[in-house]
Q: 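Starting off with a structure, shown below.
Note that these values count all heavy atoms, side chains included, but never hydrogens, waters or copies made by symmetry. In what follows, every chain begins at residue 1, and chains take the letters A, B, ... in the order their sequences are listed.
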Number of protein chains: 2
Amino acid sequence: MSHRYLILGLLSERPMTGYDIKKRVQENLSTVTNASYGTLYPMLHRLLKEGAVKVKEIPQRSRPSKKVYRISQAGLDELQAWLKQPASDDQIKREFLLKLYLAKALDPQQLRALVDDRRDEIEARLRSLRAEKKEADSPQQVWVLDYALYLCRAEIDWLKQLEATLGVA
Amino acid sequence: MSHRYLILGLLSERPMTGYDIKKRVQENLSTVTNASYGTLYPMLHRLLKEGAVKVKEIPQRSRPSKKVYRISQAGLDELQAWLKQPASDDQIKREFLLKLYLAKALDPQQLRALVDDRRDEIEARLRSLRAEKKEADSPQQVWVLDYALYLCRAEIDWLKQLEATLGVA
DNA sequence: CCCGCCATGTAACACGTTACATGATTTT
DNA sequence: AAAATCATGTAACGTGTTACATGGCGGG
């Protein structure tokens, strides 16, 4: 459901096409969501039907006509109302955590390998986030990236400590 | 799909009923998943059909007969194979992050309120995790709780820093 | 006497991903 | 000559949540 507000939020900045929204999400919001066309287009249709957005069709030569969506007053109201509500609980789905919990079934060497691989992966992610931050051009983007960076560092610390306890045992 | 391995993993410790699994998940794994009966029972049926588990039905007076599931060799093999594979990417869905990103549409006071509320919430969560940790009785459980604790602390640090930059602006 | 625990399950709904379909234009 | 970009969309599939249905037993 929160893709609804993702769209309304982006349209509240400026009118956009579905295609624009997709690009914007990939560039700036990949930490938050991965919304695909299969989610975005149907949701735009729905928002239109419900009056939260309006659309202006711009014909193009030899291409599907561009549909520029613009948020309506009703849409703005809905967005505002949603923003004021406290955020619903996070849903973290960390397959890695599950594996770790189930690792009784694994011998110590394999467990060690699992943890080490994880650390490599997170460290790679940390580097790529740092690179992204250099390119960031809005405060909002920096906030989100910082968030991801803080979490990465925390996970690395935790992994180090975990490795230490595994080393002893 | 990973509920499949959740079930296999828990059954690899000892035979259990669907009801037992649900309880276990609520008690020890709420950080990782919230699997409901509507997920668990159908998955057990499927695992049975596919030969990854076996079942023993124990009739009871005036209650649905208890179905105790036990993992099969095929199931164990599948679990091992899965555990050895690197974990797939995390999917973090943080509604709060989205709100923050879209907060251009919000005036500074409301933004402030959003951030403050979040901090209260996370601090409450931190306390409840600490309490849970005292009750923990397996290393695995401590690992998972520690993970959640590290993330909580990181988020609080990030929020503090965010509050500071908001205060200045 | 009521509530929570035990214990199974299904059905409707909501959500999201992936792959497919189309096809010119611009960049490498 | 190939690949990426622009630009729309649908359909099948997979997964998960919620609410419903059933009903005795034990403790406060």
Q: Would you mind reading off the distance between E27(A) atom CD and dC6(D) atom C1', rounded to a whole angstrom?
A: 14 Å
Q: With the criterion being N/O to N/O and under 3.5 Å, what pairs connect the protein with nucleotides 14-16 of chain C, and how long is each?
A:
from	atom 1	to	atom 2	distance (Å)
dG16(C)	OP2	H3(A)	ND1	3.4

Q: Over how many whole Å does the gap from E57(A) atom CD to dA7(D) atom P extend?
A: 13 Å
Q: Under 3.5 Å, sequence neighbours excluded: what are the donor-acceptor pairs made by side chains of residues 127-141 of chain A?
A:
from	atom 1	to	atom 2	distance (Å)
S128(A)	OG	R125(A)	O	3.3
K133(A)	NZ	D146(A)	OD1	2.9
S138(A)	OG	Q141(A)	N	3.1
Q141(A)	NE2	N28(A)	OD1	3.2

Q: Have a look at the helix from dC1(C)-dG28(D) to dT28(C)-dA1(D) and give the angle its two end axes make, five pairs each, rounded to 10 degrees.
A: 50°
Q: Check this for me: R24(A), atom CZ, are more than 12 non-hydrogen atoms of other residues, nucleotides or ligands nearer than 6.0 Å?
A: yes
Q: Grab the N/O contacts between the protein and nucleotides 5-8 of chain C below 3.5 Å, and write none if there aren't any.
A:
from	atom 1	to	atom 2	distance (Å)
dC6(C)	OP2	Y19(B)	OH	2.9
dC6(C)	O3'	R63(B)	NH1	3.0
dA7(C)	OP1	Q60(B)	OE1	3.0
dA7(C)	OP1	K66(B)	NZ	3.3
dT8(C)	OP1	K67(B)	N	3.3
dT8(C)	OP2	Y19(B)	N	2.8
dT8(C)	OP2	Y41(B)	OH	2.9
dT8(C)	O5'	Y41(B)	OH	3.2

Q: Can you name the residues that form a salt bridge (charged side-chain N to carboxylate O under 4.0 Å, His left out) with R153(A), not counting sequence neighbours?
A: none
Q: Would you kindly give the CG-to-C1' distance between L48(B) and dG9(C), to the nearest whole Å?
A: 15 Å
Q: Using atom CD1 of I58(A) as one end and atom P of dT8(D) as the other, report the distance to the nearest whole Å.
A: 10 Å
Q: List for me each residue that meets side-chain contact (heavy atoms from CB on, under 4.5 Å) alongside Q73(B), sequence neighbours excluded, and say none if there are none.
A: L76(B), D77(B)
Q: Rounded to the Å, how far apart are K22(B) NZ and dT18(D) C1'?
A: 12 Å
